[in-house]
Amino acid sequence: MTMLEVKDFGLFAARIGMAFTFCWPGINKINNSESSNFGQWLLNSIGFDPTMAIQIVSAMGTLEVLFGIFIGVGLLTRPSAIFMIIILVGAQAMFGFIYTQGPAIWKDPGLIGLAILLLLSGAGKFSIDYLISKRNKIYKHN
């Protein structure tokens with residue numbers, strides 16, 4: 001394996017981990033929107049109407065699953081990474097920076113770093129983004 005292939009495999013592994021990290025809580029938000037930590041925070045801290053809080057939690061869960069899938073397959077990787085950075089920074093601000101409490105908030109600084117890596121480096125060769133860019137280069141030369 002060349003160094004370039006190792007880097008691309010590393011980006012692929014990072015994308016799969018990031019996808020799982022976003023899809024799993026997103027599915028939980030969709031399935032348990034009334035009892036999610038985010039929903040409770042919207043109700044208690046901001047005072048949203050319960051119906052509106054449930055709708056927001058369901059929408060956030062859907063977006064987390066969607067962008068998690070995009071990251072996993074390497075489609076729209078950089079815009080998806082921006083979304084993830086916003087969500088992760090928002091979670092840090094929402095639940096505070098007390099890493100011994102909250103819904104596994106201790107993992108978020110590492111995930112922010114991973115999202116920044118994907119934002120700066122892109123998806124790598126093992127991705128739909130790479131296949132699209134390769135196809136576009138072929139068409140530009142014809």
Can you see which heavy atom on [X] is nearest to which on [Y], and at what distance?
| X | Y | result |
| --- | --- | --- |
| Gln92 | Asp108 | NE2-CB, 3.3 Å |
| Ala115 | Met84 | CB-CB, 4.4 Å |
| Phe83 | Phe67 | CD2-CD1, 3.4 Å |

Side chains of [X] and [Y]: does their closest heavy-atom pair fall under 4.5 Å?
| X | Y | value |
| --- | --- | --- |
| Leu88 | Ile85 | no |
| Tyr130 | Lys134 | yes |
| Leu11 | Lys7 | yes |

[atom1]/[X] to [atom2]/[Y] distance, rounded to the nearest 0.5 angstrom?
| X | Y | atom1 | atom2 | answer |
| --- | --- | --- | --- | --- |
| Ile87 | Phe22 | CD1 | CZ | 6.5 Å |
| Leu131 | Ser133 | CG | OG | 8.0 Å |
| Ile69 | Ser80 | CD1 | OG | 10.5 Å |
| Ser127 | Asp8 | OG | CG | 8.0 Å |
| Lys29 | Ile54 | NZ | CD1 | 15.0 Å |
| Ile71 | Met18 | CD1 | CE | 6.5 Å |

Honestly curious: do [X] and [Y] fall in one hydrophobic cluster under the side-chain, below-4.5 Å linking rule?
| X | Y | value |
| --- | --- | --- |
| Ile27 | Ile16 | no |
| Leu63 | Val89 | yes |
| Ile86 | Leu117 | yes |
| Leu114 | Ile116 | yes |

Knowing that exactly one of Val65, Leu75, Ile128 qualifies, which makes a side chain to side chain contact (heavy atoms under 4.5 Å, CB included) with Phe70?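 Between Phe70 and the candidates, side chain to side chain contact (heavy atoms under 4.5 Å, CB included) is satisfied uniquely by Leu75.
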Starting from the C-alpha separation in whole Å, work towards a yes-or-no answer on side chain to side chain contact (heavy atoms under 4.5 Å, CB included) for Leu118 and Arg15. CA-CA 8 Å; Leu118 293 172; Arg15 288 193 348 257; 3.7 Å; yes
Test your reading of the model: is there a side-chain donor-acceptor pair from Asp129 to the backbone of Thr77, 3.5 Å cut-off? yes
Would you call the rings of Trp24 and Phe20 parallel, tilted or perpendicular, where under 30° means parallel and over 60° means perpendicular?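 The rings of Trp24 and Phe20 lie parallel, inter-plane angle below 30°.
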